[in-house]
Enquirer: 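Have a look at the structure that comes next, please.
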Amino acid sequence: MIGTATLTQFNIHQQRKFSATRGELTLLLDDVARACKSISHAVNQGALSGTLGASESSNVQGEVQKQLDLICDELFTDALIWTGHLAAMASEEVDDIIAIPQQYPKGKYLICFDPLDGSSNIDVNLSVGTIFSILRCPDGVETPTAVDFMQPGTRQVCAGFCIYGPATILVLTSGAGVNGFTLDHDVGEFILTHPQIKIPEDTAEFAINVSNQRYWEQPVQRYVDECMQGVQGVREKNFNMRWIASMVAEVYRILTRGGIFMYPVDNKEPLMPGRLRLMYEANPMSFIIEQAGGMASTGRQRIMEILPDDIHQRIPVMMGSKHEVERIVSYHTK
Ligand code: AFP
């Protein structure tokens, strides 16, 4: 099947294995894939599109939005809003949830998405991506509100991301492992190229923005110090470090060769409980990492067990190779 099955064929095979499903998720994933193809095209146009650089607006987090953030948000929303598979949508770029207009039918799923993660990388031509998380709309809810989205990550039906790098790759999990599909631009299809991805349990590579070091808590200081000491320290091995400032690229690297990615809480902005967003980034990536045999924690709690208190909530994130995440979690509990 590798290199021949399209995303749709793969999902239909999966659907036949679980006869209780009726294909609505497969259709929704086709819509998501179509949205990612449009975004891939927009990103690939680069300066030719005349849309690089900042827009004049900020999002609910107070961050200045890139023009492409807004364009990709619109592409993703437009690709999904009319399809009849969703009851509502929530975007990292939009304050309120996005209701399905009256003229379209509603479906049983909710979707949270970050249309262009790592967008500060756009102008310097580095990898960016789209992240999404699919939840079930609670039974009996006709017109969902933000509260209906606030489900723990363990309730995700499916999660994925699409990385726009040298190749465009869609990575998906529906709770039965993680599979990667590369976009064949000539035929316009995502093809299964990375079946059943597994993260090595051990690693000698970490990713963290070290410019924040003086603001970290002690357990994170200790973990990174020990990695930096290399063969001379308690870890008795040399570590390598990476920081791309694009979570999709960091997670894709970890899925490929292992590693640990950390964006811990720090006291740089004491009122900010971490930088990354639970619903749009941390939960979907945690589902993927766990399904690939890795681990995802805040340092004190499994990310997917957090009961959200706001759809735009931020949290600390430590995820990747199991034994490394276990180690840093143990430093938090000691
Ligand atoms: P942008 O989408 O605003 O570029 O943020 C990307 C991100 O949420 C995540 O993908 C990165 O890991 C992280 O922020 C980078 O943050 P720093 O710029 O503080 O290193």
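Keep in mind it's a predicted model, so treat the numbers as computed, not measured. Numbering of ligands and ligand atoms starts at 1, following listing order.
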Enquirer: I'd like the name of whichever of V251, N209, V210, V128 reaches closest to atom 20 (O) of ligand 1 through any heavy atom.
Expert: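 It is N209 whose heavy atom sits nearest to atom 20 (O) of ligand 1.
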Enquirer: Quick test: of every protein heavy atom, which one is nearest to atom 2 (O) of ligand 1, and how far off is it to 0.1 Å?
Expert: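 Ranking protein heavy atoms by distance from atom 2 (O) of ligand 1, first comes G118 N, 2.9 Å.
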Enquirer: Should W243 be counted as touching ligand 1, given the test is an N or O pair under 3.5 Å?
Expert: yes
Enquirer: Does Y280 form a side-chain hydrogen bond (donor to acceptor under 3.5 Å, both in side chains) with S91? I'd like the steps, not just the answer.
Expert: CA-CA 8 Å; Y280 311 103; S91 166; over 6 Å; no
Enquirer: Is E250 in contact with ligand 1, taking contact as a heavy-atom separation below 4.0 Å?
Expert: no
Enquirer: Pairs of nitrogen or oxygen atoms closer than 3.5 Å, one from M247 and one from ligand 1: do any exist?
Expert: yes
Enquirer: Name the closest protein heavy atom to atom 16 (O) of ligand 1, giving the residue it belongs to and the distance to 0.1 Å.
Expert: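 Its nearest protein heavy-atom neighbour is R275 NE, 3.0 Å.
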Enquirer: Specify side chain, backbone, both or neither for S246, according to which of its non-hydrogen atoms lie closer than 4.0 Å to ligand 1.
Expert: backbone
Enquirer: Would you indicate whether the side-chain heavy atoms of E226 and Y331 approach each other to under 4.5 Å?
Expert: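 They are in side-chain contact.
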Enquirer: Can you list the ligand 1 atoms lying under 4.0 Å from a non-hydrogen atom of F261?
Expert: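 What qualifies from ligand 1 is 12 (O).
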Enquirer: State, with a plain yes or no, whether a side-chain heavy atom of N11 is found less than 4.5 Å away from one of S174.
Expert: no
Enquirer: Give me the residue, atom name and distance of the protein heavy atom closest to atom 19 (O) of ligand 1.
Expert: Y263 OH, 2.6 Å
Enquirer: Could you tell me which atoms of ligand 1, counted from 1 in the order shown, lie closer than 4.0 angstrom to a heavy atom of S120?
Expert: 4 (O)
Enquirer: Is the Y223 to W216 ring centre distance short of 6.0 Å?
Expert: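 So the answer is no for these two rings.
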Enquirer: If the test is salt bridge (Lys or Arg N to Asp or Glu O under 4.0 Å), which one of K268, R300, R222 qualifies with E217?
Expert: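 Testing each of K268, R300, R222 against E217, the sole residue satisfying salt bridge (Lys or Arg N to Asp or Glu O under 4.0 Å) is R300.
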Enquirer: For atom 8 (O) of ligand 1, what's the nearest protein heavy atom and its distance?
Expert: E281 OE2, 3.2 Å
Enquirer: Report the part of V248 in contact with ligand 1, treating N, CA, C, O as backbone and CB onward as side chain, heavy atoms under 4.0 Å; options are side chain, backbone, both, neither.
Expert: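 No part of V248 comes within reach of ligand 1.
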Enquirer: For R277, counting its heavy atoms only, list the atoms of ligand 1 lying under 4.0 Å from any of them.
Expert: 8 (O)
